[in-house]
Amino acid sequence: MTVFRAFSAQQVLTDLKAEVTDGQVLTDPATLKQFSFSKRLSDDDSGLALAYVEAQSTQDIQGALKIARKYHIAVVPQSQTTSTVIGSDGIAGCLILSTAKMNHILEISKEDSVAVVEPGVVNGDLDHEARKQGMFYAPDPGSKPMSGIGGNVATNAGGMSTVKYGATKDNVLGLKVVLADGREIKLGGRTLKQAFGYDLTQLMVGSEGTLGIITEVIVKLMPIPLGTPVMGVAFFDSMTALAKAVTAIRISGVYPTMLEALDGNTVIALDRYEKNHYADNNGAMLIFKLDNGGEASMNVVKQLLADQRAGHVTITTDPTEQAQLERLRQDMLPAVFAGQNHIMEDMAVPLSQLAPLMDYIQDLGQRLDVKIYTAGHAGDGNVHPTLIWPKDVTEVPENVIIALQEMFHKTLELGGTISGEHAVGMLKNQWNNAELGEDVDQLQHQIKALFDPMNLLNPKRKIN
């Protein structure tokens, strides 16, 4: 079919370069390919961007959105490109709008217990700088050394410390956001309480770039706890037994900062990856941490582990040994992914339903003959089953797809969510009706239409 174009790509790029004056507009094939396509699963809706806009100011963002409105071009926000759900891959002919170079820590206020940062600031860098002043930034996703605060906010990232300190949403006080029409709005502030107006700050948290572009974030900082942190490992006959022990610890009053679960398959993979011998202990591994509470709290944990028939319990206060245990959890993914095709999932259930979900996942793998490695942030009910299949099988096997569908349905049946902390992106946007219900699903689209009536911001992500 003949298409009578109203404008050429060159016209768009000429106008775009005139508006983006502080940053850069890159169009070389290598850059476009690098940032348009992740190494993760993709589909036919992904495609090569028209331009990669490396913004360095709010004005650059406003300029790029002006051109997007003029020519009706989709805009895909990016920061450090660590999305696992095709939340920031390119769309054919889009503008990729990167805030990675907007990476300045604008303020760290010990007195107010806040930091003010640009969206490209890496999570771990903020934490490192805060600790120089006796404070720390609590959210601790597995991508802490590389993910940006803006992306953390856009996806409501969770992580290992959520059990005590909450997810990203619990640590965001205020935002500056550029809307699709070019206005920059200020939401929230630096007060620890705020009850005026509708809470648009939290509406933006987890919106995945579909409602606006984050340009500044005010986050809470916490004082570094007094005392010596304690970490340890314990082993159980099964993930179900581990889940019951986690529940006992979680409600005991000791307030752990980490309760991480690794099933037997994952422990074996880690041994292979790191040349350890943890699998010799058999069964599932629990990694736990208390960042304060002292000897009394540790004694409670020891007794609970004994009551729950944990074996091979090891406890340490040595910083080097603790770092090794944290690295063990962080290396879980490369250990499991090595040499295999994989899909890592992200569900969360009420704490009382964690053990039933663990049982179900194990039975499901056996019934459908799917190899499943299960790990997760057990302290907050967040489970990450990884389904794998041979590297030489290019298409996702049918039994893997069926396993995912059944796993999602079971999670919803147990009162859970099929996205605990990784966001929705394009991998799960067809499940909105199933999880939210028809009325709320419709309301989600109405909110999107209010903020972005031309549907330019990250279309087909979050909701479809």
CD of Glu107: more than 12 outside heavy atoms within 6.0 angstrom?
yes

Check: residues 147-156 side-chain donor-acceptor pairs under 3.5 Å, at least two apart:
residue: Ser147; atom: OG; partner: Ser143; partner atom: O; Å: 3.0
residue: Ser147; atom: OG; partner: Ser143; partner atom: OG; Å: 2.9
residue: Ser147; atom: OG; partner: Asn152; partner atom: ND2; Å: 3.2
residue: Asn152; atom: OD1; partner: Asn123; partner atom: ND2; Å: 3.0
residue: Asn152; atom: ND2; partner: Gly148; partner atom: O; Å: 3.4
residue: Thr155; atom: OG1; partner: Gly151; partner atom: O; Å: 2.8
residue: Asn156; atom: OD1; partner: Lys169; partner atom: N; Å: 2.9

Any non-hydrogen side-chain atom of Ile249 less than 4.5 Å from a side-chain atom of Leu259?
yes

Could you give me the CA-CA distance, side-chain angles and deciding distance for Asn171 and Thr168, then say whether side-chain hydrogen bond (donor to acceptor under 3.5 Å, both in side chains) is met?
CA-CA 5 Å; Asn171 293 273; Thr168 299; over 6 Å; no

Can you measure from CG (Asn382) to CG (Asp346) and round to the nearest 0.5 angstrom?
5.0 Å

Using modelled atom types only, decide if a donor and an acceptor are shared between the side chain of Gln322 and the backbone of Pro229 within a distance under 3.5 Å.
yes

Could you check whether Lys66 pairs with Glu19 (Lys NZ or Arg NE/NH1/NH2 to Asp/Glu carboxylate O, under 4.0 Å)?
yes

Considering only NZ, NE, NH1 and NH2 on the basic side and carboxylate oxygens on the acidic side, decide whether Glu326 and Lys289 come within less than 4.0 Å.
yes

Can you establish whether the number of heavy atoms outside Arg131 located under 6.0 Å from its atom CZ is more than 12?
yes

Does Lys176 come within less than 4.0 Å of Glu184, counting only side-chain N to carboxylate O?
no

If you measure from CD1 on Ile96 to CD1 on Ile91, what distance do you get to the nearest 0.5 Å?
9.0 Å

Are any of the side-chain heavy atoms of Val76 and Arg461 separated by less than 4.5 Å?
yes

Could you go step by step and tell me if Met135 and Ser113 meet the side-chain contact (heavy atoms from CB on, under 4.5 Å) rule?
CA-CA 8 Å; Met135 309 293 283; Ser113 297; 3.6 Å; yes

Taking Ile388's backbone N and O only, do any of them form a donor-acceptor pair with Gln340's side chain (distance below 3.5 Å, no angle check)?
no

Are Met285 and Leu328 close enough that some pair of their side-chain heavy atoms sits under 4.5 Å apart?
yes

Could you tell me whether the side chain of Lys164 and the main chain of Met258 form a donor-acceptor pair under 3.5 Å?
no

Check whether Lys144 reaches the backbone of Pro139 with its side chain - one donor and one acceptor, N or O, closer than 3.5 Å.
yes

Listed partners of Glu435 passing salt bridge (Lys or Arg N to Asp or Glu O under 4.0 Å), at least two apart
none

Check whether any side-chain heavy atom of Leu404 sits under 4.5 Å from a side-chain heavy atom of Ile343, and report yes or no.
yes

Would you say the side chains of Asp263 and Thr266 form a donor-acceptor pair under 3.5 Å?
yes

Given 3.5 Å as the limit, does a donor-acceptor pair link the side chain of Asp140 with the main chain of Ser161, or not?
no

Determine, stepwise, if the pair Lys220 / Asp170 fulfils salt bridge (charged side-chain N to carboxylate O under 4.0 Å, His left out).
CA-CA 9 Å; Lys220 288 194 290 188; Asp170 303 300; over 6 Å; no

Rounded to the nearest 0.5 Å, how far apart are CG of Leu32 and CZ of Phe37?
9.0 Å

Ring centres under 6.0 Å, that's the criterion: do Tyr165 and Phe136 meet it?
yes

So, taking the atom named CG in Asn455 and the one named CG in Asn458, what distance separates them when rounded to the nearest 0.5 Å?
10.0 Å

Under the rule for side-chain hydrogen bond (donor to acceptor under 3.5 Å, both in side chains), what residues qualify as partners of Ser98, not counting sequence neighbours?
Tyr52

Please state whether the rings of His377 and His384 are parallel, tilted or perpendicular, taking 30° and 60° as the class boundaries.
perpendicular

Distance in Å, Thr228 OG1 paired with Asp291 CG, rounded so as to fall on 0.5 Å steps
11.5 Å

Donor-acceptor pair, side chain of Lys371 and main chain of Asn265, under 3.5 angstrom
no

State which residues pass side-chain contact (heavy atoms from CB on, under 4.5 Å) with Lys391; sequence neighbours excluded, sorted by chain then number.
Asn341

Check the pair Glu260, Arg329 against salt bridge (charged side-chain N to carboxylate O under 4.0 Å, His left out), reporting the backbone distance first and the verdict last.
CA-CA 8 Å; Glu260 296 294 301; Arg329 175 58 179 84; 2.5 Å; yes

For Gly120, is there any backbone N or O sitting under 3.5 Å from a side-chain donor or acceptor partner on Gln80?
yes

When you measure from the side chain of Ser57 to the backbone N and O of Asp22, does any donor-acceptor pair fall under 3.5 Å?
no

Answer yes if the side chains of His422 and Glu345 hold a donor-acceptor pair under 3.5 Å, and no otherwise.
no

Quick one: list whatever passes side-chain hydrogen bond (donor to acceptor under 3.5 Å, both in side chains) with Gln405, sequence neighbours left out.
none

Derivation and outcome, side-chain contact (heavy atoms from CB on, under 4.5 Å), residues Val219 and Val114
CA-CA 6 Å; Val219 296; Val114 301; over 6 Å; no

Please check if the side chain of Glu208 supplies one atom and the backbone of Gly425 the other of a donor-acceptor pair under 3.5 Å.
yes

Applying salt bridge (charged side-chain N to carboxylate O under 4.0 Å, His left out) to Asp181 and Arg69, what does each step give before you reach the verdict?
CA-CA 8 Å; Asp181 64 10; Arg69 294 192 303 275; 5.9 Å; no

Close side-chain approach of His342 and Tyr373, heavy atoms under 4.5 Å
no

Answer yes or no: is there a donor N or O on one side and an acceptor on the other, between the side chain of Asp127 and the main chain of Tyr137, under 3.5 Å?
yes

Value for CD1 (Ile86) from CE (Met426), rounded to nearest 0.5 Å, stands at 6.5 Å

Residues in salt bridge (Lys or Arg N to Asp or Glu O under 4.0 Å) with Glu413, at least two apart?
Lys410

Inspect the surroundings of OH in Tyr255 and state if more than 12 heavy atoms from other residues, nucleotides or ligands are less than 6.0 Å away.
no

Going by side-chain contact (heavy atoms from CB on, under 4.5 Å), Asn464 matches just one of Asn429, Asn432, Asp441. Which one?
Asn429

Is it the case that over 12 heavy atoms from other parts of the model lie below 6.0 angstrom from the CD atom of Gln442?
no

Looking only at heavy atoms, what is the nearest atom pair of Gly93 and Ile73, with distance?
O-CG2, 3.4 Å

Only one of Leu106, Val117, Val177, Thr58 passes side-chain contact (heavy atoms from CB on, under 4.5 Å) with Glu216; say which it is.
Leu106

Flag yes if more than 12 heavy atoms outside Lys448 fall under 6.0 Å of its NZ atom; otherwise flag no.
yes

List the steps, then state whether side-chain contact (heavy atoms from CB on, under 4.5 Å) holds for Asn433 with Leu436.
CA-CA 5 Å; Asn433 197 294; Leu436 302 174; over 6 Å; no

